[in-house]
2 protein chains.
Amino acid sequence: MEITKKKLEKQKSDNEKYLSNSILRGLEVLKMFSVENQTLSLAEIASNLGVSRTTPYRILYTLEECGYIYQDSHTKRYGLRPKVLELGYTYLNSLELPELAAPYLEKLRDETGMSSHMGILDGNDIVYIARYPARSVATITINVGSHLPVHATAMGKCLLAHLPEENKEELLSKLQVLQIPDAPIVEVKKLRDELQSIKEKGYVFHKGEFETGVWSVACPIFGKDNKVIAAINIAITQHAADEELMEEKIIPAVCQVAREISSFMVMTI
Amino acid sequence: MEITKKKLEKQKSDNEKYLSNSILRGLEVLKMFSVENQTLSLAEIASNLGVSRTTPYRILYTLEECGYIYQDSHTKRYGLRPKVLELGYTYLNSLELPELAAPYLEKLRDETGMSSHMGILDGNDIVYIARYPARSVATITINVGSHLPVHATAMGKCLLAHLPEENKEELLSKLQVLQIPDAPIVEVKKLRDELQSIKEKGYVFHKGEFETGVWSVACPIFGKDNKVIAAINIAITQHAADEELMEEKIIPAVCQVAREISSFMVMTI
DNA sequence: AAACTTTGTTTTATTGATAAAACATAGAAA
DNA sequence: TTTCTATGTTTTATCAATAAAACAAAGTTT
């Protein structure tokens with residue numbers, strides 16, 4: 001009993017000794033709001049955090065005072081304010097990537113009539129950094145800033161396939177250990193074979209799989225030294241998709257635009 | 001002496017009693033990174049915060065552990081990671097506004113060859129929520145998420161002019177009290193007259209002024225009940241601008257697109 | 001090479017954040 | 001209505017975050 005407690009304390013002082021609960025929870029609160037939950041009550045926030053209502057009461061006071069959230073004086077419910085954009089945009093603005101690729105992605109969207117995206121690697125995830133939704137009414141709704149497990153998306157696999165061997169293996173073993181919930185199970189051997197064939201073909205064509213109901217064609221973008229730096233894709237809802245069209249027109253179009261972006265990247269960055 | 005201290009303590013317990021320093025500083029650290037300062041050292045962050053190095057040391061440890069920042073193992077310097085996008089994009093994704101206006105803003109950009117933007121009101125500020133940069137090389141670089149004082153921009157004045165009287169006066173008095181640094185001095189009487197004429201004309205044409213070297217044409221966007229909900233603009237660097245072109249082509253084009261967006265807003269939202 | 005400066009990191013006393021409890025209020029159920 | 005439950009708010013004891021100081025290591029200046 002004594003020993004167990006000591007061990008736990010030891011672990012804490014090794015791994016979490018400098019973790020700040022206040023900051024952890026403050027950021028968690030900001031991330032708690034979503035398209036589905038645009039407003040939240042104090043009780044909801046407290047329950048989501050798994051703490052008493054005192055803690056978020058103070059956090060919410062602070063965030064409101066800073067202008068990141070507002071409180072409806074009648075319903076007492078909280079919601080995000082535009083100022084939260086300041087937090088992420090400093091990062092996005094520091095990237096040249098989406099800016100430079102914008103005209104190409106728009107062209108691709110207009111040529112195919114489907115939504116085009118760009119994503120980069122962040123740990124085990126693909127992060128969407130640019131998005132040009134199809135002009136049609138029913139469109140794909142994966143937004144800029146979204147994170148998805150790298151092995152669950154066409155863009156992710158595409159990026160993974162073209163990574164240097166050492167980085168690829170490191171990521172694969174991490175994915176196997178984690179076995180991320182809601183994502184497909186990682187069978188490393190199978191995945192490794194798939195990545196090999198992706199690398200040879202130069203593109204990924206997903207018909208459904210993880211992104212249920214979505215067809216997706218992805219290609220890698222290369223920078224200096226022929227290193228993969230990003231991926232682009234075209235996505236369309238399954239019921240609007242046509243296999244022949246995809247094979248004959250869309251895949252070549254995505255590959256073509258990816259090559260154009262890559263050669264532009266090599267020239268500029 | 002005694003009394004002064006007591007007074008200060010009283011004030012604190014009234015206004016700041018629930019303010020959390022940890023959260024305040026954590027968010028300040030995230031905002032400290034910029035296009036100019038993409039990486040920062042512990043000492044720089046501590047000095048910017050005006051505190052000892054211990055505090056940011058802990059904050060940075062926490063933010064790194066959460067995946068919002070990284071530390072270069074060699075230089076020891078810190079930088080933002082893509083995960084910070086998660087903080088702001090939940091908000092942007094909850095807005096229909098930029099999504100619905102996108103095709104119109106793109107059209108406007110392509111017709112004029114200049115950068116188009118959309119902004120909304122947030123307290124005393126205009127926040128940019130959509131941006132379509134000109135396809136030319138030298139372009140305006142006011143990014144989505146940027147905040148500017150409402151009376152310093154064409155979009156801001158445009159929005160302000162069409163606000164209901166009570167809200168307008170409330171904002172004007174706030175602006176006068178604050179006298180925001182780096183922004184033009186607010187002479188309420190003069191500004192009120194200007195807003196009146198803006199409301200009659202229906203657009204704002206800025207030749208320079210606060211946004212030095214930038215010409216800008218802004219129009220209001222109206223939603224249900226004819227309430228102003230946003231503004232759009234076209235911006236171009238001064239040396240590329242042409243007064244006759246602006247007057248004859250650009251201003252009518254912006255007004256036309258603004259009307260189109262407004263009538264679409266009334267129909268949909 | 002020696003002294004100085006700066007930077008990152010660790011330790012400890014003090015200050016501030018948190019949880020539990022108590023309270024107030026409002027809406028739902030009896 | 002009365003009771004009950006849920007929610008927001010305030011108070012106080014405990015626990016975590018902070019500043020100051022001390023330390024180690026690297027880079028500069030002398």
Side-chain angles (χ1 to χ4, degrees), chain A residues 5-6 8-30 32-33 37-66 68-79, chain B residues 4-30 32-33 37-66 68-79:
Chain A
K5 205 181 171 188
K6 258 192 183 169
L8 284 171
E9 275 171 10
K10 187 77 198 324
Q11 279 200 338
K12 175 162 184 179
S13 64
D14 280 358
N15 302 328
E16 313 172 4
K17 62 176 169 179
Y18 291 131
L19 270 182
S20 161
N21 268 318
S22 317
I23 294 176
L24 238 56
R25 284 166 182 162
L27 295 172
E28 260 183 275
V29 168
L30 288 179
M32 213 173 274
F33 296 91
N37 299 305
Q38 297 197 211
T39 68
L40 291 165
S41 70
L42 173 63
E44 286 167 348
I45 292 166
S47 131
N48 286 344
L49 285 176
V51 297
S52 74
R53 282 161 290 162
T54 323
T55 308
Y57 187 74
R58 194 186 169 103
I59 294 171
L60 291 164
Y61 181 93
T62 305
L63 293 175
E64 190 184 2
E65 202 66 26
C66 300
Y68 292 108
I69 62 171
Y70 67 89
Q71 181 176 32
D72 185 302
S73 54
H74 181 63
T75 64
K76 300 277 178 183
R77 293 177 71 82
Y78 296 89
Chain B
T4 317
K5 205 179 170 188
K6 255 191 184 170
K7 260 193 182 172
L8 284 172
E9 274 171 12
K10 186 79 197 323
Q11 279 202 337
K12 174 161 184 179
S13 65
D14 281 356
N15 302 329
E16 313 172 4
K17 61 178 172 182
Y18 292 131
L19 270 182
S20 162
N21 269 317
S22 318
I23 294 176
L24 239 55
R25 285 167 181 162
L27 295 172
E28 259 183 274
V29 168
L30 287 179
M32 213 173 275
F33 296 91
N37 299 305
Q38 297 197 211
T39 68
L40 292 166
S41 69
L42 173 62
E44 286 167 348
I45 291 167
S47 130
N48 286 343
L49 285 176
V51 296
S52 73
R53 283 160 290 163
T54 323
T55 307
Y57 187 75
R58 194 186 170 104
I59 294 172
L60 291 163
Y61 182 93
T62 305
L63 292 175
E64 189 185 3
E65 203 66 25
C66 300
Y68 293 108
I69 62 171
Y70 68 89
Q71 181 177 33
D72 186 302
S73 54
H74 181 61
T75 65
K76 299 279 179 181
R77 293 178 71 83
Y78 297 89

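In what follows, chains are A, B, ... by sequence order, proteins preceding strands, each numbered from 1.
With sequence neighbours excluded, the residues forming a salt bridge (Lys or Arg N to Asp or Glu O under 4.0 Å) with E44(A) are R77(A), listed by chain and number. Remark: E64(B) pairs with no residue by the salt bridge (Lys or Arg N to Asp or Glu O under 4.0 Å) rule, at least two apart or across chains. Listed by chain and number, the residues in a side-chain hydrogen bond (donor to acceptor under 3.5 Å, both in side chains) with Y78(A) are Q71(A) (sequence neighbours excluded). The side-chain contact (heavy atoms from CB on, under 4.5 Å) test applied to N48(A) returns M32(A), not counting sequence neighbours. Take Y57(B) and apply the ring-ring contact (aromatic ring centres under 6.0 Å, His included) test, not counting sequence neighbours, and it matches Y18(A).
Between the CG atom of L60(B) and the P atom of dT7(C) there is a distance of 15 Å, given to the nearest Å. If you take CZ of R25(A) and C1' of dC15(D), they are 12 Å apart, rounded to a whole angstrom. Between the OH atom of Y61(A) and the P atom of dT18(C) there is a distance of 15 Å, given to the nearest Å. L19(A) places its CG atom 12 Å from the P atom of dT18(D), with the value rounded to the nearest Å. Atom CG of L24(B) is separated from atom C1' of dG16(C) by 13 Å (rounded to the nearest Å). Per the geometry, CG belonging to N21(A) stands 14 Å off C1' belonging to dG16(C), to the nearest Å. Between the CD1 atom of I23(B) and the C1' atom of dT18(C) there is a distance of 12 Å, given to the nearest Å. Nucleotide dT9(C) holds its P atom 12 Å from the CD1 atom of I45(B), rounded to whole Å.
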Legend entry - side-chain contact (heavy atoms from CB on, under 4.5 Å) between L40(A) and V29(A), worked out: CA-CA 10 Å; L40(A) 291 165; V29(A) 168; over 6 Å; no

Would you tabulate the nitrogen or oxygen pairs shorter than 3.5 Å linking the protein to nucleotides 6-9 of chain D?
residue	atom	partner	partner atom	Å
dG8(D)	OP1	L42(A)	N	3.2
dG8(D)	OP2	A43(A)	N	2.6
dG8(D)	N7	R53(A)	NH1	2.5
dT9(D)	OP1	K76(A)	NZ	3.2
dT9(D)	O5'	Y57(A)	OH	3.2

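Between S20(B) and dG16(C) there is no side-chain N or O to OP1 or OP2 distance below 4.0 Å.
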